[in-house]
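One structure below.
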Amino acid sequence: SASSATQSDMLRARMRLSLQEHLWEFYQNNVNIPPEEQTVARRAALDICAEVRVFLHAKLPDMPLREMYLSGSLYDDLQVVRADHVQLMVPLILEKNLWSSIPGEETIMNVPGFWLVRRENLEYFPRNSSYWDRCMVGGYLSPKSVLEVFDKLVAGSINWPAIGSVLDYVIRPVVPSETLTLEVQYETDRKLYVDFLPLLVMEDGTLLIAKPHRLAAERHENLWRQSFRVAETARLRALDQEDGGCRSACLKVAKTMCKLNPALHQLNSSQLTNIILLLSEKEGDWTQEALADRFLQLLRALVGHLEAGRLPCALSPKVNLFCELTEQEVDQLGYTLYCALSDPQELLRT
Ligand code: GDP
């Protein structure tokens with residue numbers, strides 16, 4: 001009847017209102033990191049970066065690297081809960097005529113978003129013409145082997161206890177670690193994790209990072225991962241700036257939700273960012289008042305993409321951002337989020 005329809009409309013409106021209030025409160029109290037904490041963490045990261053630079057220049061002056069730099073959510077105001085991790089980007093210099101990149105979809109593995117980097121002209125420029133030939137495996141530049149080179153240096157030859165005592169930090173390489181990570185304790189109760197991320201900038205600007213494919217490690221061992229992070233983050237920010245939108249806030253709430261819930265740990269920032277970019281193509285209202293509606297829409301979109309087993313990258317639709325999840329993980333994630341649709345606040349419980 002008309003009156004019960006009105007009642008359920010009112011009930012729904014009230015629920016939305018309370019979710020809206022809850023989300024902004026959650027954002028203030030649990031998501032946001034105080035600026036001082038971010039500053040101190042950035043300073044610790046910069047100190048470490050400086051030490052690594054000095055060490056590499058002194059010890060391996062002929063290693064062809066561009067200047068290392070720090071990057072990640074801590075530098076884009078997108079880190080949540082704690083200021084506790086950064087990436088130290090290490091760009092390798094490759095000779096243009098000696099190396100070429102092959103997109104993953106043109107290889108036997110058929111994985112868009114990953115690339116092989118092949119050694120060329122071996123007949124004219126034999127092995128060891130390029131510094132990075134030492135990391136060549138089966139004719140390809142191996143990200144795993146590149147990581148091992150840095151692992152030996154950073155975990156093996158840098159005297160971290162000595163540097164730590166000068167800087168007044170406790171620094172130790174994290175072992176075992178699939179990436180190469182330093183743990184930096186810069187206050188009694190504060191730790192910063194610094195990931196070393198070797199990368200290649202190809203001639204057309206494509207950015208490839210030495211972060212292994214999660215599945216079938218051996219088969220995919222030589223694959224470099226294309227990074228869309230810079231472009232994704234820039235697009236998100238630009239859209240928010242155009243309309244004073246809440247996309248970044250929505251992303252940070254979603255990131256915190258995934259952090260709080262072990263069942264959602266497999267979801268990463270890139271997937272969440274891309275869902276928001278895809279939603280932005282269809283949905284215009286990103287005002288602060290619409291946060292609850294957009295957040296619910298984000299959850300529904302996630303469920304939908306999980307059901308389809310596919311999340312296209314907004315910047316390169318052939319890339320499936322779920323391609324490293326097992327079927328089981330996809331089901332588990334979909335189930336958790338589907339159950340949460342009726343009571344999303346449950347996922348924001350701290
Ligand atoms: P957060 O770690 O969830 O706060 O999100 P970030 O946006 O900082 O993402 C960091 C993750 O993205 C790390 O696991 C990186 O390995 C990966 N990543 C991929 N491409 C890039 C890149 O270009 N820069 C950085 N810093 N990380 C990247």
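Side chains are part of it too, since the values below use all heavy atoms of this structure and drop only hydrogens, waters and symmetry mates. Every number for a ligand or one of its atoms is a count from 1 in the order of the listing.
Checked against the 6.0 Å centroid criterion, the rings of His220 and Phe114 do not qualify as a close aromatic pair.
Atom 2 (O) of ligand 1 has His85 NE2, 2.6 Å as its closest protein atom, hydrogens excluded (heavy atom only). Looking at atom 19 (C) of ligand 1, its nearest protein heavy atom turns out to be Ile209 CD1, 3.3 Å. Ranking protein heavy atoms by distance to atom 10 (C) of ligand 1, first place goes to Gln87 OE1, 3.7 Å. Of the protein's heavy atoms, Lys211 NZ, 4.1 Å lies nearest to atom 17 (C) of ligand 1. Protein heavy atom closest to atom 26 (N) of ligand 1, with residue, atom name and distance, is Ser71 OG, 2.6 Å. When hydrogens are left out, the protein atom nearest atom 8 (O) of ligand 1 is Ser73 N, 2.8 Å; that is the closest non-hydrogen contact.
When non-hydrogen atoms are compared, ligand 1 lies under 4.0 Å from neither the backbone nor the side chain of Asp195. The part of Leu197 lying near ligand 1 is the side chain, judged by heavy-atom distances below 4.0 Å. Looking at Met89 against ligand 1, only its side chain comes within 4.0 Å, counting heavy atoms.
Note that Arg172 lies outside the cation-pi zone of Trp160, set by a 6.0 Å cut-off to the ring centre and a 45° limit from the axis.
Environment of OH in Tyr338: sparse, with no more than 12 heavy atoms of neighbouring residues, nucleotides or ligands closer than 6.0 Å.
Rounding to the nearest 0.5 Å places NZ of Lys191 at 11.5 Å from OH of Tyr186.
Remark: among candidates Ser227, Gly72, Ala210, Ser270, the nearest residue to atom 22 (C) of ligand 1 is Ser227, based on non-hydrogen atoms. Of the candidates Gln226, Lys255, Arg229, it is Arg229 that places a heavy atom closest to atom 7 (O) of ligand 1.
For Gln28, the side-chain contact (heavy atoms from CB on, under 4.5 Å) partners at least two apart in sequence or on another chain are Asn32.
Near Ser269, meaning under 4.0 Å from one of its heavy atoms, ligand 1 places the atoms 1 (P), 3 (O), 5 (O).
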Between side-chain atoms of residues 54-75 and protein atoms elsewhere (two or more places apart, or another chain), which donor-acceptor pairs fall under 3.5 Å?
residue	atom	partner	partner atom	Å
Glu67	OE2	Arg53	NE	3.2
Ser73	OG	Gln79	NE2	2.9

